[in-house]
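Scroll down for the structure; my scribbles are underneath it.
Whatever order the structure lists them in is the order used to number ligands and atoms, beginning at 1. No experiment lies behind these values; they were computed from the predicted model shown. Position 1 is the first residue of the sequence, and the numbers go up from there.
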Amino acid sequence: MKKQRYNAVKGVQDILPPDIYIWQKIEAAAKEIFRVYGFQELRLPIMEPTAIFVRSIGETSDIVEKEMYTFTDKGGRSITLRPEGTASAVRCYVQNHLYNLPSPQKFFYSGPMFRYERPQKGRLRQFYQIGVEAFGVSEPKLDAEIIAMLRVFLERIGLSGLNFEINSIGCEKCRPGYRDALLDFFSSRLDSLCPDCKRRYEQNPLRILDCKVDACIEQRKDAPVVSDFLCDECVSHFSELRSILEMLDVPYVVNPTMVRGLDYYTRTTFEVTSERLGAQNAVAAGGRYDRLVEEFGGPPTPAVGFAVGMERLVALVKDTADSVPSPEVFIATVGKDAAQKALLIAEGFRAKGVWVEVGYEGASLRSQMRRADRFNANYVLILGEDELKRGRIGWKNLKDGSAGEVGIQEVYDFLQKNLNKI
Ligand code: ATP
Ligand code: MG
């Protein structure tokens, strides 16, 4: 048969060492920080009924209009590879009656999301998000708490100089007035809008504000802003949020034009951006969705959440990362018996939680030493036939150049003591 090389699907990527260590560092930091804020993990399915995304994200959103990986399974059901996590989390919350538990219920999830987008820097077709969703409290305290938590998390992984942009897009009470104002504003500009926005004009004019087409961006420059249409409750919700953020020392700016590309948001929306990322500059985004649980058949339950884009975080952390791990010990050997004995010694170390690499019989001592160097190991142990006969093993500290010999039996204690000093 003819040989064939295969590539991954367009717009998806493998995640390999050394990058994987940055991923692990970010994931570990998220878990640690979310834990102290009381967020528990949810493992949500990657495929979901298509309807949950259409219903929540909205028919006129970019995601539903163009980006979903949707297929019919063998049973004739319409299935979609999740493009985001909130709809799944809400489906799970309602399906499992989590509303019966005391409020707020706070969750996080992580995993791959799928969107059929034009692949480019910062835009993949399979990308990873870590997200949080908190259910059951409408007070802006909860919004502030998760924004503060996001800030702590981003700082913990070494990121600073990020912009926190917040806005309020109102509730079902203030939305109709704003919608009318948008219809009024765009009615004379309809001809200049893209075909999608012409349709959005009919169905959901708010979506025009999130269109990425240049002509539409130009046309909406002087569009009415939602903040001028907020009802009294939304105004006071937003001002309370701002004062809590100030109290918590979260530096933010109000961006009155940020409406976010998903229909389920109400009141608070926010985005975290970095100037270092270029065109796709948002690392995290979120907001409140006070109606969604009810729309999914649950009791009225306010909720708020965010999602961070892992690839964009990794790109930012890469500049600051130091942490490619290296083995503590490398055992170089000469001769077959020594090579076998080395495996046994390595097992002993590994059982104690020490990362050990062993040289292979075929390689010269010199090339094994080079390999230890490349690994950036802390110690090399050297075992030849001669040492083996005497029950001793040579050691060399690659960090400071010191060297010596110890009994094979003592080598564990010896290294344990010395490794702790590194
Ligand atoms: P954008 O405006 O960049 O398209 P979005 O509003 O579509 O973002 P959200 O659905 O809010 O993004 O997703 C939250 C985060 O997930 C984004 O801020 C980004 O970091 C990341 N993200 C979204 N789409 C992609 C993608 N195609 N590839 C990589 N990361 C993505
Ligand atoms: Mg998008």
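Of all protein heavy atoms, the one closest to atom 21 (C) of ligand 1 is G309 CA, 3.7 Å. Closest protein heavy atom to atom 11 (O) of ligand 1: R260 NH2, 2.4 Å. Closest protein heavy atom to atom 12 (O) of ligand 1: R115 NH1, 3.7 Å. Looking only at protein heavy atoms, the nearest one to atom 30 (N) of ligand 1 is F127 CD1, 3.5 Å.
Near A282, meaning under 4.0 Å from any of its heavy atoms, are these atoms of ligand 1: 17 (C), 18 (O), 19 (C), 20 (O). Here is the list of ligand 1 atoms found below 4.0 Å of a heavy atom in A285: 11 (O). Annotation for ligand 1: atoms under 4.0 Å from non-hydrogen atoms of L124 are 26 (C), 27 (N), 28 (N), 29 (C). Counting atoms of ligand 1 from 1 in the listed order, those under 4.0 Å from a heavy atom of V283 are 18 (O), 20 (O). Applying the 4.0 Å criterion to heavy atoms of A284 picks out, from ligand 1, the atoms 18 (O).
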Salt bridge (charged side-chain N to carboxylate O under 4.0 Å, His left out), that's the test. Do K106 and E133 meet it? Break it down for me.
CA-CA 6 Å; K106 302 185 278 191; E133 315 290 352; over 6 Å; no
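At a cut-off of 3.5 Å, with distance as the only test, no side-chain donor of T269 or N167 sits close to an acceptor on the other residue. Using modelled atom types and a 3.5 Å distance limit, the side chains of S168 and T268 yield no donor-acceptor pair. There is a side-chain donor-acceptor pair under 3.5 Å between E275 and N163. Side-chain atoms of E48 and S88 include a donor-acceptor pair closer than 3.5 Å.
With a 4.0 Å cut-off on non-hydrogen atoms, P83 does not touch ligand 1 at all. Contacts of D62 with ligand 1, taken as heavy-atom pairs under 4.0 Å, are absent altogether. Contacts between E271 and ligand 1 below 4.0 angstrom, taking non-hydrogen atoms only, are absent altogether.
Residue contact check for ligand 1: G261 places no non-hydrogen atom closer than 4.0 Å to it.
Between Q368 and A332, the shortest heavy-atom contact is OE1-CA, 3.2 Å.
Between R200 and D210 there is no salt bridge, since none of the side-chain N atoms of the basic residue sits less than 4.0 Å from a carboxylate O of the acidic one. Between E246 and R242, none of the side-chain N atoms (NZ, or NE/NH1/NH2) sits under 4.0 Å from a carboxylate O, so this pair counts as no salt bridge.
Remark: atom 6 (O) of ligand 1 lies closer than 4.0 Å to at least one protein heavy atom.
In this structure, the side chains of M369 and R374 stay at 4.5 Å or more apart for every pair of heavy atoms. Using a 4.5 Å heavy-atom cutoff, the side chains of V250 and I244 are not in contact.
By the 6.0 Å and 45° rule, R91 does not stack over the aromatic ring of F296.
For the residues R125, R123, Q280, E67, the heavy atom positioned nearest atom 4 (O) of ligand 1 is part of R123. For atom 14 (C) of ligand 1, the candidate residues are E311, Q129, M258; the nearest heavy-atom contact is made by Q129. The heavy atom nearest to atom 2 (O) of ligand 1, out of those in E117, R312, K212, E84, is found in K212.
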